[in-house]
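The next block holds one structure in the form of C-alpha coordinates; read it before the comments.
Each chain gets a letter, A, B and so on, in the order the sequences are listed, and its residues count up from 1. These numbers come from a predicted model, not from an experiment.
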Amino acid sequence: MPELPEVETLRQLLARRVAGARIEAVPLIAAKILRAPDPAALAAAVTGAVITGVGRRGKYLLLRLEKPERGGPDAAAPEGQGAWDLVIHLKMRGRLRIESESDPPGPYLCAELRLTDGRTLRYYDMWRWGEWALVSAGTACRSLPGLAAMGPEPLEPGFTSDYLARQLARRRGLLKPLLLGQQVVAGLGNIYCDECLHRARLHPARLAHRLRPDEVARLHEAIVSILGAAVAQGSALAERLAAQQANLDSFAGIYASQVNDRPGQSCPTCGQALQKMHLSGRGTTLCPHCQPVADFPESPETPKNRPR
DNA sequence: AAGAAGTCCTGGGCGC
DNA sequence: TGCGCCCAGGACTTCT
(Lines give C-alpha, C1' and ligand atoms only; values in the text may rest on other atoms or scores of the structure.)
Protein backbone atom coordinates (compact mmCIF):
# COMPACT_ATOMS: atom_id res chain seq x y z
CA MET A 1 0.00 0.00 0.00
CA PRO A 2 1.22 3.48 -0.72
CA GLU A 3 3.01 5.31 2.08
CA LEU A 4 5.02 8.52 1.87
CA PRO A 5 7.71 7.32 -0.58
CA GLU A 6 5.18 5.72 -2.90
CA VAL A 7 2.93 8.78 -2.91
CA GLU A 8 5.98 10.97 -3.50
CA THR A 9 7.02 8.76 -6.44
CA LEU A 10 3.54 9.06 -7.87
CA ARG A 11 3.61 12.82 -7.32
CA GLN A 12 6.84 13.16 -9.27
CA LEU A 13 5.55 10.99 -12.08
CA LEU A 14 2.31 12.96 -12.36
CA ALA A 15 4.18 16.25 -12.20
CA ARG A 16 6.22 15.16 -15.20
CA ARG A 17 3.35 13.69 -17.17
CA VAL A 18 0.18 15.70 -16.56
CA ALA A 19 1.25 19.13 -15.32
CA GLY A 20 -0.03 21.67 -17.82
CA ALA A 21 -2.84 19.46 -19.08
CA ARG A 22 -6.40 20.77 -19.20
CA ILE A 23 -9.35 18.86 -17.80
CA GLU A 24 -12.30 18.25 -20.08
CA ALA A 25 -14.60 16.23 -17.84
CA VAL A 26 -14.69 14.41 -14.51
CA PRO A 27 -16.76 11.25 -14.77
CA LEU A 28 -17.34 9.93 -11.27
CA ILE A 29 -18.13 6.24 -11.31
CA ALA A 30 -18.01 5.56 -7.58
CA ALA A 31 -19.36 8.73 -6.01
CA LYS A 32 -18.68 7.43 -2.51
CA ILE A 33 -14.98 8.29 -2.75
CA LEU A 34 -15.84 11.98 -3.01
CA ARG A 35 -15.90 13.64 0.40
CA ALA A 36 -16.53 17.17 -0.79
CA PRO A 37 -18.15 18.87 -2.58
CA ASP A 38 -20.98 17.04 -4.37
CA PRO A 39 -20.28 15.58 -7.83
CA ALA A 40 -22.02 18.43 -9.66
CA ALA A 41 -19.99 21.06 -7.85
CA LEU A 42 -16.80 19.08 -8.51
CA ALA A 43 -17.57 18.94 -12.22
CA ALA A 44 -18.43 22.63 -12.38
CA ALA A 45 -15.23 23.63 -10.63
CA VAL A 46 -12.87 21.29 -12.40
CA THR A 47 -14.07 21.25 -15.98
CA GLY A 48 -11.83 23.49 -18.03
CA ALA A 49 -9.23 23.80 -15.31
CA VAL A 50 -5.52 23.23 -15.90
CA ILE A 51 -3.41 21.00 -13.66
CA THR A 52 -0.73 23.49 -12.71
CA GLY A 53 1.11 21.46 -10.11
CA VAL A 54 1.17 18.25 -8.13
CA GLY A 55 1.93 18.39 -4.43
CA ARG A 56 1.98 16.03 -1.51
CA ARG A 57 1.48 16.19 2.23
CA GLY A 58 2.06 12.98 4.12
CA LYS A 59 0.21 10.33 2.17
CA TYR A 60 -2.13 12.86 0.55
CA LEU A 61 -1.65 13.88 -3.06
CA LEU A 62 -2.70 17.42 -4.01
CA LEU A 63 -3.43 18.36 -7.61
CA ARG A 64 -3.46 22.13 -8.04
CA LEU A 65 -6.18 23.04 -10.54
CA GLU A 66 -6.51 26.53 -11.96
CA LYS A 67 -9.05 28.03 -14.31
CA PRO A 68 -7.52 30.53 -16.69
CA GLU A 69 -8.95 34.02 -16.49
CA ARG A 70 -11.65 34.62 -18.99
CA GLY A 71 -10.25 37.98 -19.87
CA GLY A 72 -11.97 40.31 -17.60
CA PRO A 73 -13.55 41.29 -14.37
CA ASP A 74 -12.61 38.01 -12.68
CA ALA A 75 -9.39 39.67 -11.69
CA ALA A 76 -11.30 41.16 -8.79
CA ALA A 77 -12.40 37.72 -7.59
CA PRO A 78 -11.37 36.74 -4.06
CA GLU A 79 -8.06 34.98 -3.84
CA GLY A 80 -8.34 31.26 -4.49
CA GLN A 81 -11.69 31.38 -6.22
CA GLY A 82 -10.31 30.22 -9.53
CA ALA A 83 -7.91 27.73 -8.03
CA TRP A 84 -8.51 24.47 -6.21
CA ASP A 85 -6.64 21.58 -4.75
CA LEU A 86 -7.94 18.16 -5.57
CA VAL A 87 -6.84 16.17 -2.53
CA ILE A 88 -6.50 12.43 -3.09
CA HIS A 89 -5.77 9.74 -0.52
CA LEU A 90 -5.13 6.32 -2.06
CA LYS A 91 -5.59 4.39 1.19
CA MET A 92 -4.88 0.69 0.66
CA ARG A 93 -5.73 -0.09 -2.92
CA GLY A 94 -5.94 3.23 -4.77
CA ARG A 95 -4.14 3.53 -8.13
CA LEU A 96 -3.76 6.45 -10.52
CA ARG A 97 -3.03 5.61 -14.15
CA ILE A 98 -2.62 7.79 -17.19
CA GLU A 99 -4.36 6.08 -20.08
CA SER A 100 -5.73 6.97 -23.46
CA GLU A 101 -9.38 7.85 -23.42
CA SER A 102 -9.91 5.18 -26.05
CA ASP A 103 -8.42 2.47 -23.82
CA PRO A 104 -11.13 0.37 -22.25
CA PRO A 105 -10.95 0.97 -18.50
CA GLY A 106 -9.83 -1.84 -16.22
CA PRO A 107 -11.85 -3.15 -13.32
CA TYR A 108 -12.56 -1.05 -10.21
CA LEU A 109 -12.51 2.30 -11.98
CA CYS A 110 -13.84 4.90 -9.55
CA ALA A 111 -13.22 8.26 -11.22
CA GLU A 112 -11.44 9.92 -14.11
CA LEU A 113 -9.95 13.26 -14.99
CA ARG A 114 -10.40 13.38 -18.74
CA LEU A 115 -7.84 15.61 -20.39
CA THR A 116 -8.30 17.64 -23.57
CA ASP A 117 -5.27 15.96 -25.20
CA GLY A 118 -7.00 12.58 -25.44
CA ARG A 119 -5.46 11.16 -22.30
CA THR A 120 -7.29 10.46 -19.09
CA LEU A 121 -6.12 10.13 -15.50
CA ARG A 122 -8.00 7.14 -14.15
CA TYR A 123 -8.43 6.38 -10.47
CA TYR A 124 -8.85 2.70 -9.70
CA ASP A 125 -9.60 1.42 -6.24
CA MET A 126 -10.62 -2.17 -5.69
CA TRP A 127 -11.84 -1.53 -2.17
CA ARG A 128 -13.03 2.04 -2.75
CA TRP A 129 -11.43 3.09 0.51
CA GLY A 130 -9.68 6.02 -1.16
CA GLU A 131 -10.91 9.57 -0.75
CA TRP A 132 -11.13 12.62 -2.98
CA ALA A 133 -11.90 16.13 -1.83
CA LEU A 134 -11.84 19.41 -3.69
CA VAL A 135 -10.94 22.46 -1.62
CA SER A 136 -9.94 26.03 -2.38
CA ALA A 137 -6.27 26.22 -3.25
CA GLY A 138 -4.04 26.30 -0.23
CA THR A 139 -6.78 25.52 2.29
CA ALA A 140 -6.46 21.73 2.50
CA CYS A 141 -4.46 21.87 5.72
CA ARG A 142 -7.20 23.93 7.32
CA SER A 143 -10.30 22.29 5.92
CA LEU A 144 -9.43 18.59 6.06
CA PRO A 145 -9.05 17.20 9.58
CA GLY A 146 -6.49 14.58 8.61
CA LEU A 147 -4.20 17.24 7.17
CA ALA A 148 -4.83 19.83 9.85
CA ALA A 149 -3.35 17.77 12.67
CA MET A 150 -0.49 16.29 10.67
CA GLY A 151 3.07 16.38 11.98
CA PRO A 152 6.12 17.53 10.02
CA GLU A 153 7.38 15.85 6.89
CA PRO A 154 10.09 13.40 7.96
CA LEU A 155 12.51 14.52 5.24
CA GLU A 156 12.18 18.23 5.89
CA PRO A 157 14.35 20.26 8.27
CA GLY A 158 11.62 20.57 10.92
CA PHE A 159 11.84 16.88 11.71
CA THR A 160 14.87 16.77 13.99
CA SER A 161 15.94 14.33 16.62
CA ASP A 162 15.24 16.99 19.25
CA TYR A 163 11.74 17.51 17.92
CA LEU A 164 11.09 13.78 18.00
CA ALA A 165 12.43 13.53 21.54
CA ARG A 166 10.13 16.34 22.70
CA GLN A 167 7.09 14.77 21.05
CA LEU A 168 7.75 11.32 22.45
CA ALA A 169 8.51 12.62 25.93
CA ARG A 170 5.06 14.12 26.29
CA ARG A 171 3.11 11.13 25.00
CA ARG A 172 2.14 8.18 27.13
CA GLY A 173 1.20 5.85 24.30
CA LEU A 174 2.89 2.89 22.66
CA LEU A 175 5.55 3.69 20.12
CA LYS A 176 4.14 2.16 16.96
CA PRO A 177 0.53 3.38 17.26
CA LEU A 178 1.97 6.81 17.96
CA LEU A 179 4.09 6.78 14.81
CA LEU A 180 1.14 5.56 12.75
CA GLY A 181 -1.05 8.39 14.03
CA GLN A 182 0.51 10.98 11.64
CA GLN A 183 0.58 13.66 14.33
CA VAL A 184 4.16 13.16 15.47
CA VAL A 185 5.49 12.64 11.95
CA ALA A 186 3.69 12.52 8.59
CA GLY A 187 3.61 9.71 6.10
CA LEU A 188 4.53 6.57 8.02
CA GLY A 189 2.29 3.57 7.42
CA ASN A 190 2.39 0.05 8.73
CA ILE A 191 5.18 -1.22 6.50
CA TYR A 192 7.73 1.58 6.89
CA CYS A 193 6.90 1.77 10.57
CA ASP A 194 7.92 -1.86 11.05
CA GLU A 195 11.08 -1.28 9.02
CA CYS A 196 12.07 1.82 10.99
CA LEU A 197 11.47 0.21 14.36
CA HIS A 198 13.50 -2.81 13.32
CA ARG A 199 16.40 -0.69 12.12
CA ALA A 200 16.25 1.34 15.33
CA ARG A 201 16.13 -1.91 17.36
CA LEU A 202 13.02 -0.76 19.22
CA HIS A 203 10.07 -2.89 20.20
CA PRO A 204 6.85 -1.43 18.75
CA ALA A 205 5.13 -1.66 22.11
CA ARG A 206 7.74 0.40 23.93
CA LEU A 207 6.27 3.31 25.84
CA ALA A 208 7.11 6.41 23.84
CA HIS A 209 8.00 8.60 26.81
CA ARG A 210 10.40 5.99 28.24
CA LEU A 211 12.78 5.97 25.28
CA ARG A 212 16.32 6.97 26.16
CA PRO A 213 17.96 9.80 24.17
CA ASP A 214 20.15 7.36 22.25
CA GLU A 215 17.08 5.33 21.32
CA VAL A 216 15.23 8.41 20.08
CA ALA A 217 18.30 9.29 18.02
CA ARG A 218 18.32 5.79 16.49
CA LEU A 219 14.63 6.06 15.67
CA HIS A 220 15.12 9.46 14.05
CA GLU A 221 18.05 8.15 12.04
CA ALA A 222 16.04 5.09 10.94
CA ILE A 223 13.04 7.14 9.78
CA VAL A 224 15.15 9.64 7.87
CA SER A 225 17.44 7.09 6.26
CA ILE A 226 14.79 4.52 5.33
CA LEU A 227 12.31 7.03 3.95
CA GLY A 228 15.12 9.00 2.34
CA ALA A 229 16.45 5.95 0.55
CA ALA A 230 12.97 4.94 -0.58
CA VAL A 231 12.20 8.42 -1.90
CA ALA A 232 15.52 8.49 -3.76
CA GLN A 233 14.75 5.13 -5.36
CA GLY A 234 11.27 6.34 -6.20
CA SER A 235 12.62 9.52 -7.81
CA ALA A 236 14.82 7.49 -10.13
CA LEU A 237 11.88 5.25 -10.94
CA ALA A 238 9.60 8.22 -11.64
CA GLU A 239 12.16 9.69 -14.01
CA ARG A 240 12.51 6.39 -15.86
CA LEU A 241 8.76 5.82 -16.08
CA ALA A 242 8.09 9.37 -17.26
CA ALA A 243 10.67 8.96 -20.03
CA GLN A 244 8.87 5.82 -21.15
CA GLN A 245 5.45 7.48 -20.88
CA ALA A 246 4.66 4.67 -18.46
CA ASN A 247 2.57 4.34 -15.33
CA LEU A 248 3.57 3.41 -11.83
CA ASP A 249 1.84 0.06 -11.95
CA SER A 250 2.77 -1.30 -8.59
CA PHE A 251 3.91 0.28 -5.37
CA ALA A 252 5.85 -2.84 -4.52
CA GLY A 253 9.59 -2.73 -4.99
CA ILE A 254 10.14 0.95 -4.30
CA TYR A 255 11.58 -0.17 -1.01
CA ALA A 256 12.53 -3.79 -0.40
CA SER A 257 10.95 -4.65 2.91
CA GLN A 258 13.32 -6.39 5.32
CA VAL A 259 10.83 -7.22 8.02
CA ASN A 260 7.21 -6.36 7.33
CA ASP A 261 5.04 -9.29 6.35
CA ARG A 262 7.94 -11.75 6.65
CA PRO A 263 7.06 -13.65 9.82
CA GLY A 264 9.01 -16.86 10.18
CA GLN A 265 11.81 -15.66 7.92
CA SER A 266 15.27 -14.84 9.21
CA CYS A 267 15.99 -11.45 10.67
CA PRO A 268 18.44 -9.74 8.29
CA THR A 269 20.49 -8.59 11.28
CA CYS A 270 20.71 -11.58 13.61
CA GLY A 271 19.17 -14.46 11.70
CA GLN A 272 16.52 -15.31 14.27
CA ALA A 273 12.99 -15.97 13.09
CA LEU A 274 10.85 -12.84 12.73
CA GLN A 275 7.64 -12.84 14.72
CA LYS A 276 4.21 -11.50 13.96
CA MET A 277 2.09 -9.85 16.60
CA HIS A 278 -0.98 -7.68 16.71
CA LEU A 279 -0.66 -4.22 18.18
CA SER A 280 -3.64 -1.89 18.34
CA GLY A 281 -5.32 -3.96 15.67
CA ARG A 282 -2.42 -3.75 13.22
CA GLY A 283 -0.29 -6.62 12.04
CA THR A 284 3.28 -6.06 13.20
CA THR A 285 6.41 -7.99 12.32
CA LEU A 286 9.47 -7.73 14.52
CA CYS A 287 12.61 -9.53 15.56
CA PRO A 288 12.27 -10.59 19.21
CA HIS A 289 16.05 -10.66 19.56
CA CYS A 290 16.93 -7.28 17.99
CA GLN A 291 13.83 -5.51 19.31
CA PRO A 292 13.61 -6.57 22.95
CA VAL A 293 10.92 -5.34 25.27
CA ALA A 294 12.70 -3.07 27.70
CA ASP A 295 9.89 -1.06 29.27
CA PHE A 296 7.94 -3.76 30.92
CA PRO A 297 8.72 -4.96 34.38
CA GLU A 298 5.39 -6.71 33.82
CA SER A 299 4.90 -8.76 30.67
CA PRO A 300 3.66 -6.93 27.57
CA GLU A 301 2.01 -10.07 26.35
CA THR A 302 -1.57 -9.07 26.79
CA PRO A 303 -4.07 -11.14 24.82
CA LYS A 304 -4.29 -8.41 22.21
CA ASN A 305 -0.63 -8.29 21.26
CA ARG A 306 0.51 -11.81 21.91
CA PRO A 307 2.63 -13.09 19.01
CA ARG A 308 0.80 -15.64 16.94
C1' DA B 1 -7.18 15.61 27.50
C1' DA B 2 -5.10 11.75 25.93
C1' DG B 3 -4.86 7.15 24.80
C1' DA B 4 -7.09 2.84 23.66
C1' DA B 5 -10.47 0.41 21.39
C1' DG B 6 -13.96 -0.01 18.01
C1' DT B 7 -15.73 0.83 13.38
C1' DC B 8 -16.06 1.22 8.52
C1' DC B 9 -14.74 0.22 4.02
C1' DT B 10 -14.21 -4.23 0.19
C1' DG B 11 -13.08 -8.38 -2.24
C1' DG B 12 -9.47 -12.04 -2.36
C1' DG B 13 -8.33 -16.17 -0.41
C1' DC B 14 -8.79 -19.84 2.49
C1' DG B 15 -11.16 -23.49 5.17
C1' DC B 16 -14.76 -26.47 5.51
C1' DT C 1 -17.48 -26.84 -6.18
C1' DG C 2 -19.31 -23.39 -3.60
C1' DC C 3 -20.42 -20.97 0.42
C1' DG C 4 -19.14 -18.08 4.13
C1' DC C 5 -15.90 -16.17 7.11
C1' DC C 6 -11.61 -13.71 8.01
C1' DC C 7 -8.24 -10.50 6.98
C1' DA C 8 -5.78 -6.30 5.41
C1' DG C 9 -4.61 -0.83 7.16
C1' DG C 10 -5.88 4.25 7.41
C1' DA C 11 -8.56 7.49 9.57
C1' DC C 12 -12.32 8.60 12.06
C1' DT C 13 -15.50 7.93 16.16
C1' DT C 14 -16.50 6.36 20.63
C1' DC C 15 -15.24 4.92 25.07
C1' DT C 16 -12.46 5.10 29.32
Could you identify which residues of residues 189-198 of chain A place a heavy atom less than 4.0 Å from some atom of DNA chain C, listed by residue number, or say none?
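Nucleic-acid contacts, sorted: A:G189, A:N190.
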Candidate list A:E156, A:E6, A:E153, test salt bridge (charged side-chain N to carboxylate O under 4.0 Å, His left out), partner A:R56, passing option:
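Among A:E156, A:E6, A:E153, the one that satisfies the salt bridge (charged side-chain N to carboxylate O under 4.0 Å, His left out) with A:R56 is A:E153.
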Indicate whether OP1 or OP2 belonging to C:dA8 is found under 4.0 Å from a side-chain N or O atom of A:H278.
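So the side-chain polar atoms of A:H278 do come within 4.0 Å of the phosphate oxygens OP1 or OP2 of C:dA8, strictly under.
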Taking 4.0 Å as the cut-off, does a side-chain nitrogen or oxygen of A:K276 come that near to OP1 or OP2 on C:dA8?
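For C:dA8, OP1/OP2 do have a side-chain N/O of A:K276 under 4.0 Å.
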Using side chain to side chain donor-acceptor pair (under 3.5 Å) as the criterion, list what pairs up with A:T284, not counting sequence neighbours.
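Partners of A:T284 under the side chain to side chain donor-acceptor pair (under 3.5 Å) test: A:K176.
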Say you draw a straight line from [atom1] of [X] to [atom2] of [Y]; how long is it, rounded to the nearest 0.5 Å?
| X | Y | atom1 | atom2 | result |
| --- | --- | --- | --- | --- |
| A:I226 | A:E221 | CD1 | CD | 8.0 Å |
| A:L113 | A:I23 | CG | CD1 | 4.5 Å |
| A:T285 | A:M277 | OG1 | CE | 10.5 Å |
| A:R240 | A:L13 | CZ | CG | 11.5 Å |

Within the structure shown, what part of the strands sits under 4.0 Å from A:R171 by heavy-atom distance: base, sugar-phosphate, or nothing?
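It contacts sugar-phosphate atoms only.
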With a non-hydrogen cut-off below 4.0 angstrom, is A:G281 in contact with a base, only sugar-phosphate, or nothing?
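Result for A:G281 = nothing.
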Can a side-chain donor-acceptor contact be found between A:E112 and A:Y124 if the only test is distance below 3.5 angstrom?
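Side-chain D/A pair, A:Y124 to A:E112: absent.
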Expressed as a whole number of angstroms, how long is the span from [X]:[atom1] to [N]:[atom2]?
| X | N | atom1 | atom2 | result |
| --- | --- | --- | --- | --- |
| A:D125 | C:dG10 | CG | P | 14 Å |
| A:R57 | C:dG10 | CZ | C1' | 16 Å |
| A:R93 | C:dG10 | CZ | P | 11 Å |
| A:L175 | B:dA2 | CG | C1' | 17 Å |
| A:E3 | C:dA8 | CD | P | 15 Å |

Identify the pairs formed between an N or O of the protein and an N or O of nucleotides 9-11 of chain B at a distance under 3.5 Å, and give each distance.
residue	atom	partner	partner atom	Å
B:dC9	O3'	A:K32	NZ	3.2
B:dC9	O2	A:W129	NE1	3.1
B:dT10	O4'	A:W127	O	3.2
B:dT10	O3'	A:M126	O	3.3

Taking all non-hydrogen atoms of both residues into account, name the closest pair between A:A49 and A:L65 and its distance.
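The pair with the smallest heavy-atom distance is CB-CB, 4.1 Å.
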Can you see which heavy atom on A:E24 is nearest to which on A:E101, and at what distance?
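Heavy atoms only, the tightest pair is OE1-OE1, 3.8 Å.
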Contacts under 3.5 Å, N or O only, protein and nucleotides 11-14 of chain C:
residue	atom	partner	partner atom	Å
C:dA11	OP1	A:H89	NE2	2.5
C:dA11	N6	A:R282	NH2	3.1
C:dC12	OP1	A:G146	N	3.4

Go through the structure and list residues passing ring-ring contact (aromatic ring centres under 6.0 Å, His included) with A:Y123, not counting sequence neighbours.
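For A:Y123, the residues satisfying ring-ring contact (aromatic ring centres under 6.0 Å, His included) (neighbours in sequence not counted) are A:W132.
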Test of understanding: with ring-ring contact (aromatic ring centres under 6.0 Å, His included), list the residues that count as partners of A:F159, not counting sequence neighbours.
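ring-ring contact (aromatic ring centres under 6.0 Å, His included) check on A:F159 returns A:H220.
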